[in-house]
Amino acid sequence: MSKTLLVTGASRGIGLETATRFAMAEGDVDTVVMFARDSEDFTTAVAELKKSVPAGTTIIARTVDVGDLEALKTAAAEVLEEVGQIHLLVNNAGYTNPVPIQQVDQEDFERTMRVNLYAPFTLVQSLLNNGNTFDLIVNIASTAGINGRSGWLSYSASKAAVINMSQVMREELAIYGTRGGGLAPGRTATALRKVLAPDEDPSTIMQPQHVAEVIETLSSPMGRFIDSENIVVRL
Ligand SMILES: NC(=O)c1ccc[n+]([C@@H]2O[C@H](COP(=O)([O-])OP(=O)(O)OC[C@H]3O[C@@H](n4cnc5c(N)ncnc54)[C@H](OP(=O)(O)O)[C@@H]3O)[C@@H](O)[C@H]2O)c1
């Protein structure tokens, strides 16, 4: 059966690796919808992917700021209309601005919560309210949401909330046959990690394709046997 995957934050890092992995695999997924903000990186990544996917696989790219919740709802409704059903959803877009507690700015805290927490919620809610049922929802949290990290107050708090929200989704949506929940990566070599740990050598930590591979496993028949409320993926 043909399935559709929607990935947010698909311009680079874990999101782009996930979109690429599903698009290139010869599995059930034949439509990959990619959300990110407008950028040269995104345009280039989408163009490259479109050139290399197998025949019969469709890439749909939408530019949207997931922190603009009204724009996100509109993009979700439009894309659902176009594809008919979103079977797999990977809520991956993330934002961080690590600063000491004294310097946490209220507006920036709210932006962190909008992008990391309210956006995944809004996407799930608006798709449900438009009649969509999901096979799998993966909300990308972080190990920083399990244990708070010094200097990362707003990011850690947003990810802790993602873990809890994912547990609720997992329980409440099980009646529709929806699997999944939170997935918490540890240190992964991406642009966001560079913001959190500028001096770290990226070759010493996990790579985005490792996280993408675990997401792919979750969506496979084998994924049914992985029963955890929050899957930790780390080196
Ligand atoms: N890297 C790590 O060590 C690590 C560890 C644990 C969890 N995570 C989580 O993994 C997820 C992916 O991050 P990454 O590490 O792969 O970082 P990344 O390479 O910097 O990618 C972040 C993605 O999020 C998108 N994004 C950010 N703000 C957005 C917005 N307002 N609207 C739409 N898209 C937005 C970016 O797209 P544009 O900027 O192009 O719009 C980009 O595609 C995040 O949720 C992050 O918190 C990462």
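Note that ligands are numbered from 1 as they come in the structure, with each ligand's atoms numbered from 1 the same way. Here the structure is a predicted model, which means the values were calculated and not measured.
- Qualifying salt bridge (Lys or Arg N to Asp or Glu O under 4.0 Å) partners for Glu110, counting only residues two or more places apart in sequence or in other chains: none.
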Note down each nitrogen or oxygen pair, ligand 1 side and protein side, whose separation is under 3.5 Å; give only atom names and the distance to 0.1 Å.
| residue | atom | partner | partner atom | Å |
| --- | --- | --- | --- | --- |
| ligand 1 | 1 (N) | Thr188 | O | 3.0 |
| ligand 1 | 1 (N) | Thr190 | OG1 | 2.9 |
| ligand 1 | 3 (O) | Thr188 | N | 2.8 |
| ligand 1 | 3 (O) | Thr188 | O | 3.3 |
| ligand 1 | 15 (O) | Thr190 | OG1 | 2.6 |
| ligand 1 | 16 (O) | Ile14 | N | 2.8 |
| ligand 1 | 17 (O) | Thr190 | OG1 | 3.4 |
| ligand 1 | 20 (O) | Arg12 | NE | 3.1 |
| ligand 1 | 20 (O) | Arg12 | NH2 | 3.4 |
| ligand 1 | 20 (O) | Leu192 | N | 3.1 |
| ligand 1 | 24 (O) | Gly94 | N | 3.4 |
| ligand 1 | 28 (N) | Arg37 | NH2 | 3.4 |
| ligand 1 | 31 (N) | Asp65 | OD1 | 2.7 |
| ligand 1 | 32 (N) | Val66 | N | 2.9 |
| ligand 1 | 37 (O) | Ser11 | OG | 3.1 |
| ligand 1 | 39 (O) | Arg12 | NH1 | 3.4 |
| ligand 1 | 39 (O) | Arg37 | NH2 | 2.7 |
| ligand 1 | 40 (O) | Ser11 | OG | 2.7 |
| ligand 1 | 41 (O) | Arg37 | N | 2.9 |
| ligand 1 | 41 (O) | Arg37 | NE | 2.8 |
| ligand 1 | 43 (O) | Gly9 | O | 2.9 |
| ligand 1 | 43 (O) | Ser11 | N | 3.3 |
| ligand 1 | 43 (O) | Ser11 | OG | 2.8 |
| ligand 1 | 45 (O) | Asn92 | O | 2.7 |
| ligand 1 | 45 (O) | Lys159 | NZ | 2.9 |
| ligand 1 | 47 (O) | Tyr155 | OH | 2.6 |
| ligand 1 | 47 (O) | Lys159 | NZ | 3.0 |

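- Between the side chains of Ser11 and Asp41, no donor-acceptor pair of N or O atoms lies under 3.5 Å.
- In this model, a donor atom of one side chain and an acceptor atom of the other lie less than 3.5 Å apart for Tyr95 and Asp108.
- The pair Asp227-Arg170 meets the salt-bridge criterion, since a charged nitrogen lies less than 4.0 angstrom from a carboxylate oxygen.
- Not a single salt bridge (Lys or Arg N to Asp or Glu O under 4.0 Å) links Asp199 to another residue, sequence neighbours left out.
- Every residue meeting the salt bridge (Lys or Arg N to Asp or Glu O under 4.0 Å) condition with Arg193, not counting sequence neighbours, appears here in chain and number order: Glu200.
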